[in-house]
Amino acid sequence: MNADLQVYNSLTRQKELFKPLNPPRVGMYVCGPTVYNDVHLGNLRTFTSFDLIYRWLRELGYSVRYVRNITDVGHLENDADEGEDKIGKKARLEQLEPMEIVQRYTNGFHEAMRIFGNFPPSIEPTATGHIVEQIEMVKQIMAKGLAYETNGSVYFDVREFSKTQAYGELSGRQIDELMSGSRDLDGQSEKRDSLDFALWKKASSEHIMRWPSPWGEGFPGWHLECSVMSSKYLGMPFDIHGGGMDLKFPHHECEIAQNVAATGCSRPVQYWMHGNMLTLNGKKMSKSDGNFVLPGDLITGKHALLSRGYSPQAIRFFFMQAHYGSTLDMSEEALQAAEKGYHRLSQAYSALKELKAEGNENPGVEVWAERCHKAMNDDFNSPILVAQLFEAAKWIQSAAAGNIKLSPKVLQTLNQEFERYFVRVLGLNEIQESSGKEVLEQVMELILEIRREARIKKDWGTSDLIRDRLSKAGIVVKDGKDTSSWQFEF
RNA sequence: GGUCCUGUGGCCGAGUGGCUAGGCUCAGCUCUGCAAAAGCUGCUACAGCGGUUCGAAUCCGCUCGGGACCUCCA
């Protein structure tokens, strides 16, 4: 196990040496989606970032328990008390049971995650499955005198909490600034202070999703489920908590406050990690602003901003070319560049498997492998890793072209490491091979053989006919020095 | 308004106080019946203005631009 992993910790705002609390085990919690709508590409990017992190931790030999929740409770749409339950609203609009909505979008989410090459988490708990635990935590916090009830709702008392504990540390906020910044809220609020947030909300009569509690029928506050489920499955404190940058405040700040209040543990999470936003037209991708692209749109190309579709693998590669902590701007031009780059690596990966050791040259694979490892250990720097893979791709293609002759040992290392980083760490597999590949393989072998003979006879008519017709069928013929190979058109 | 992040070559994107990431595009060459693929070569950028330094794109200040959060959001 390599002990040199550096992780950027949002809490301390610096890179730190990663030291798990109970090695070789690592507990990682990531805020999952709210399933009342389709996930868009921005959501996907964040989850893909944490997939990369998960994969690397595993590669380092850690035994990771990866918990990612499904928010299926539905929360208030706006701050006004008349706000409607999101899932309930959608259910009414679509004439469905709330749980039917939840199921539909959960399925869609899982499907998108699978298509884009993300591993499922170890545990995927739902908020509705942990109502009892959430009520328990509300009770604990109330028992500490850090929450109060008003009209069947329970609020966290931020003022009181901040007398003994830090609030706002993660997001770098000062209580007093927050006070002045949020003064525009109405005075009718049930909250004693505008900074307070709901632990439990009383359900209005129209509310569909509701549960009995000591304070009457209601539903849990948005931040509560994560505090409850992370501590339930990972213990308190635990190693890594991740999520999108936009959740830092107030969500993660409230989560911390809840856990601290309920358990007394002053630092519930050792490493806070935040994935940055995917932007479109320079602006954050966002459901509510209508500035988003759905995964399906991207694959089919049916979107106003796209002229054609892109493969999930190419899109994943596009994500991997940027660091998870940086914003990434999406444009068709950028996607096309990523697609081509991905294609090159994919081709190199295929070529590598066919490569035979023919000499004793070594372009420096040991140093190269070390660089790959270092890149990932430096806060999961996938762009650097990708650059390294291109370096290897150059060697592979040079060897395939006969320009350099690799030694057996070099070839073995190259195979082992390329496979490791390209497939296992970045999650970029070869272009999906269709079923019936073996049959097609043989048929193609025959066709290329016929073409080869035609070419020897300089029967260009036949040769070109074969090439052109295959091209129409989506197969590209690549002529080498004495042999030809083929592949599906990208 | 407050807090914070950011500005890199035609485009996308790493990065470090000194040893010119990488990809895409573009141009030339090699290979080739042609094309494609592949290989080779070329394209030396860090918003602007000051300052610190032997030396800054990298540190500091100011100016201008972009963005995030402060409200549901990955």
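The chains referred to below are lettered A, B, ... by the order of the sequence lines, with proteins before strands, and numbering in each begins at 1.
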Listed pairs, N/O of protein and of nucleotides 64-66 of chain B, under 3.5 Å:
none

Kindly check if the number of other-residue, nucleotide or ligand heavy atoms within 6.0 Å of CD (A/Glu445) is above 12?
no
Between B/C70 (C1') and A/Met245 (CE): distance, integer Å
16 Å
Return the set of residues passing ring pair (Phe, Tyr, Trp, His ring centres under 6.0 Å) with A/Tyr233 (not counting sequence neighbours), or none when no residue passes.
A/His130
Does the side chain of A/Arg45 pick up a donor-acceptor pair with the side chain of A/Asn276 at under 3.5 Å?
no
Strand-adjacent residues in residues 287-299 of chain A, judged by heavy atoms under 4.0 Å from RNA chain B:
A/Lys287, A/Ser288
Could you walk me through whether A/Thr128 and A/Asp72 pass side chain to side chain donor-acceptor pair (under 3.5 Å), step by step?
CA-CA 6 Å; A/Thr128 53; A/Asp72 57 352; 2.6 Å; yes
Look at atom NZ of A/Lys283 and say whether more than 12 heavy atoms of other residues, nucleotides or ligands are closer to it than 6.0 Å.
no
Charged N to carboxylate O below 4.0 Å: is that the case for A/Lys472 and A/Asp468?
no
Looking only at side-chain N and O atoms, does A/Lys340 come under 4.0 Å of OP1 or OP2 in B/U25?
yes
Base, sugar-phosphate alone, or nothing: which one does A/Gly32 contact when heavy atoms must sit under 4.0 Å apart?
sugar-phosphate
Same-atom distance (P) from B/C19 to B/C24, integer angstrom
25 Å
Between CG on residue A/Asp459 and CD on residue A/Glu453, distance to nearest 0.5 Å
11.0 Å
One should read off an interatomic distance between A/Gln258 CD and A/Phe197 CZ, to the nearest 0.5 angstrom, of 4.5 Å
Taking only Lys NZ, Arg NE, NH1 and NH2, and the carboxylate oxygens of Asp or Glu, determine whether A/Asp479 and A/Arg451 approach each other closer than 4.0 Å.
yes
Take the protein atom NE2 of A/His40 and the nucleotide atom P of B/A74, then report the distance between them rounded to whole Å.
7 Å
Between CZ of A/Phe249 and P of B/A74 the distance, given in whole Å, is 17 Å
Residue pair A/Gln388/A/Ser463 against RNA chain B: nearer the 5' end by closest nucleotide is A/Gln388
Are any of the side-chain nitrogens in A/Lys15 or A/Asp379 under 4.0 Å away from the carboxylate oxygens of its partner?
no
Which value, in whole Å, describes the distance between the C1' atoms of nucleotides B/C49 and B/A57?
15 Å
Would you kindly give the CE-to-P distance between A/Met113 and B/A74, to the nearest whole Å?
12 Å
Calculate the interatomic distance between A/Lys248 atom NZ and B/U3 atom P; express it in whole Å.
16 Å
Letter by letter from the 5' end, nucleotides 35-43 of chain B scores (B base, S sugar-phosphate only, - none; protein heavy atoms under 4.0 Å) BBSSSS---
Side-chain heavy atoms of A/Val423 within contact of A/Leu428, under 4.5 Å:
no
Mind checking the C1' distance from B/G67 to B/G61? Whole angstroms is fine.
22 Å
Should stems be defined as at least three consecutive Watson-Crick or G-U pairs with both distances under 3.5 angstrom, which of them involve RNA chain B?
B:1-7 with B:64-70, B:10-12 with B:22-24, B:26-30 with B:38-42, B:47-51 with B:59-63
For A/Trp460 and B/G33, say yes or no: do the ring centres fall under 5.5 Å of each other while the ring planes differ by less than 30°?
yes
Can you tell me the distance, in whole Å, between the OH atom of A/Tyr54 and the C1' atom of B/A74?
19 Å
Within the 4.0 Å heavy-atom criterion, would you say A/Met277 contacts the bases, only the backbone, or no part of the nucleic acid?
base
Rounding to an integer number of angstrom, what distance separates B/U8 and B/G48 when you compare their C1' atoms?
15 Å
Report the distance from atom CZ of A/Phe109 to atom P of B/A74, rounded to the nearest whole Å.
10 Å
Per A/Phe390 side chain, nearest of listed nucleotides B/C69, B/G22, B/A74:
B/G22
Between CD1 on residue A/Ile315 and OH on residue A/Tyr342, distance to nearest 0.5 Å:
11.5 Å
For B/A38 and B/A47, measure between their P atoms and round to the nearest Å.
34 Å
Between A/Glu111 and A/Arg114, is the closest basic N to carboxylate O distance under 4.0 Å?
yes
How far does the C1' atom of B/G7 sit from the matching atom of B/U58, given to the nearest Å?
14 Å
Please measure how far the C1' atom in B/U25 lies from the corresponding atom in B/C43, and state the result in whole Å.
11 Å
Provide the distance between the two P atoms, one in B/A21 and one in B/U63, to the nearest whole Å.
32 Å
State plainly whether the residues A/Lys284 and A/Asp289 are in salt-bridge range, i.e. N to O under 4.0 Å.
no
Determine whether a donor-acceptor pair (one donor, one acceptor, N or O, separation below 3.5 Å) exists between the side chain of A/Asn276 and the base of B/G67.
no
Please report the interatomic distance CE(A/Met320) to CD(A/Gln313), rounded to the nearest 0.5 Å.
10.0 Å
Crowding at NZ, A/Lys248 (>12 non-hydrogen neighbours, <6.0 Å)
yes
Would you give a per-nucleotide map of nucleotides 11-18 of chain B, 5' to 3', where B means the base has a protein non-hydrogen atom under 4.0 Å away, S means only the sugar-phosphate does, and - means neither?
SSSSS---
Between A/Thr279 and A/Asp329, is a side chain to side chain donor-acceptor pair (under 3.5 Å) present by the stated rule, with each step listed?
CA-CA 5 Å; A/Thr279 60; A/Asp329 193 55; 2.6 Å; yes
Close side-chain approach of A/Ile70 and A/Glu124, heavy atoms under 4.5 Å:
yes
Take atom CG of A/Leu170 and atom P of B/A68, then tell me their distance rounded to the nearest Å.
19 Å
